[in-house]
Amino acid sequence: MSGNGASSSSLNMISGEDVVNNNLTALVVDDSPLLRLLHDIHLKKYGLKVQVAENGKVAVDLFHLGASFDLVLMDKEMPVMNGVEATKELRAMGVTSMIVGVTSKDGPGEQQAFMEAGLDYCFEKPLTPEIISFLLEELNKHNNKD
């Protein structure tokens, strides 16, 4: 009998045991409550401390107030301040966090403008456990260089 579930070997591959880090923090910036919750749950499974923001202005304001995060998941299309504007402003403020664009529009032109704002990576949403695992491995590599 076959099914659509993942095999135990593939689950072990993406379990994140090698990338769990209880010291990492993340900010999930998305106007969709469902996607904020989904990404929050995924990141917490990997041991990250997570905060959420419903638009780019809230994210920028958090950094202005002295907050810092290792990872920022930034939606592109949001009211008040979109992801492109927020990313540009964060980089102009000297924020060095890994900023990952998350967009429902996967066209190369859409992603290019977002990348040029100062992203480290850009992926179609929602992020999968494999992508989150990759991002955390990259974060760990970056943190071990310091």
Side-chain angles (χ1 to χ4, degrees), residues 4 6 9-146:
N4 292 330
S9 62
S10 67
L11 287 176
N12 289 338
M13 180 183 77
I14 61 170
S15 70
E17 291 172 9
D18 295 337
V19 294
V20 169
N21 187 328
N22 292 326
N23 296 320
L24 291 177
T25 57
L27 176 63
V28 177
V29 188
D30 201 305
D31 59 322
S32 165
L34 180 61
L35 284 167
R36 284 196 308 265
L37 178 63
L38 179 67
H39 289 143
D40 177 73
I41 290 169
H42 278 315
L43 291 168
K44 284 180 177 172
K45 284 182 183 176
Y46 289 95
L48 277 78
K49 293 173 185 71
V50 181
Q51 189 164 343
V52 297
E54 63 271 12
N55 62 60
K57 182 175 182 343
V58 173
V60 169
D61 288 348
L62 284 169
F63 278 92
H64 274 299
L65 293 171
S68 65
F69 302 92
D70 299 294
L71 173 65
V72 178
L73 299 183
M74 182 74 71
D75 183 23
K76 183 173 186 262
E77 300 294 330
M78 296 179 287
V80 183
M81 179 184 283
N82 68 35
V84 174
E85 294 168 352
T87 300
K88 285 180 180 177
E89 190 157 337
L90 291 173
R91 292 304 190 208
M93 292 166 52
V95 171
T96 59
S97 306
M98 178 187 285
I99 303 178
V100 178
V102 184
T103 180
S104 58
K105 298 181 178 162
D106 197 29
E110 295 285 332
Q111 286 192 2
Q112 182 177 351
F114 204 3
M115 287 295 297
E116 289 172 359
L119 295 180
D120 294 289
Y121 299 98
C122 191
F123 296 100
E124 190 172 351
K125 63 180 165 182
L127 297 183
T128 63
E130 293 89 350
I131 292 172
I132 292 172
S133 182
F134 164 77
L135 292 172
L136 297 179
E137 288 171 8
E138 292 300 303
L139 260 179
N140 284 330
K141 285 181 200 172
H142 176 75
N143 289 343
N144 289 334
K145 289 181 184 176
D146 295 338

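Hydrogens, waters and symmetry mates are skipped; everything else that's a heavy atom, side chains included, is used.
The closest donor-acceptor contact from the side chain of Y46 to the backbone of P129 lies under 3.5 Å. A distance-only check finds no donor-acceptor pair linking the side chain of T87 to the backbone of A117 [under 3.5 Å]. Side chain of R91 to backbone of V95: a donor-acceptor contact under 3.5 angstrom is found. Between the D40 side chain and the R36 main chain, no donor and acceptor come within less than 3.5 Å of each other. A donor-acceptor pair under 3.5 Å is formed between the side chain of H39 and the backbone N or O of L127. At distances below 3.5 Å, not a single donor-acceptor pair connects side-chain atoms of D31 with backbone N or O atoms of N55.
Looking at heavy atoms from C-beta onward, E116 lies out of side-chain contact with Q111 at the 4.5 angstrom threshold. Residues F123 and T103 are not in side-chain contact: their nearest non-hydrogen atoms beyond the backbone lie 4.5 Å or more apart. Annotation: side chain of V100 is not in contact with side chain of C122 (no heavy-atom distance under 4.5 Å). At least one side-chain heavy atom of K125 sits less than 4.5 Å from a side-chain heavy atom of D30. A 4.5 Å side-chain heavy-atom check between V29 and L73 finds every atom pair outside the cut-off. In this structure, the side chains of S104 and E124 stay at 4.5 Å or more apart for every pair of heavy atoms. T25 places none of its side-chain heavy atoms less than 4.5 Å from the side chain of L48. Between D75 and L35 there is no side-chain heavy-atom pair separated by less than 4.5 Å.
The OG atom of S97 sits 7.5 Å away from the CG atom of L90 when rounded to the nearest 0.5 Å. Separation of atoms NZ (K88) and CE (M81) is listed at 11.5 Å; rounding is to 0.5 Å. Interatomic distance, L24 CG to L135 CG, rounded to the nearest 0.5 Å: 11.5 Å. To the nearest 0.5 Å, atom CD of residue E85 and atom CE of residue M74 are 11.0 Å apart. Separation of atoms CG (L119) and CD (Q112) is listed at 12.0 Å; rounding is to 0.5 Å. The structure places CG of L43 at 5.0 Å from CD1 of I132, a figure rounded to the nearest 0.5 Å.
Partners of N82 under the side chain to side chain donor-acceptor pair (under 3.5 Å) rule, at least two apart in sequence or in another chain, do not exist in this structure. Every residue two or more places apart in sequence or in another chain that forms a salt bridge (Lys or Arg N to Asp or Glu O under 4.0 Å) with E138 is listed here: K141.
Applying the ring-ring contact (aromatic ring centres under 6.0 Å, His included) rule to pairs touching residues 66-99 yields F63-F69, sequence neighbours excluded.
Considering every non-hydrogen atom in both A86 and G56, the closest pair reads CB-CA, 3.6 Å. The shortest heavy-atom contact between V84 and A113 is CG1-O, 4.4 Å. Nearest heavy-atom pair across Y121 and M115 is C-SD, 3.8 Å.
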Evaluation steps, side chain to side chain contact (heavy atoms under 4.5 Å, CB included), between E54 and M78: CA-CA 8 Å; E54 63 271 12; M78 296 179 287; over 6 Å; no
Side chain to side chain contact (heavy atoms under 4.5 Å, CB included) between H64 and E89, worked out: CA-CA 11 Å; H64 274 299; E89 190 157 337; 3.8 Å; yes
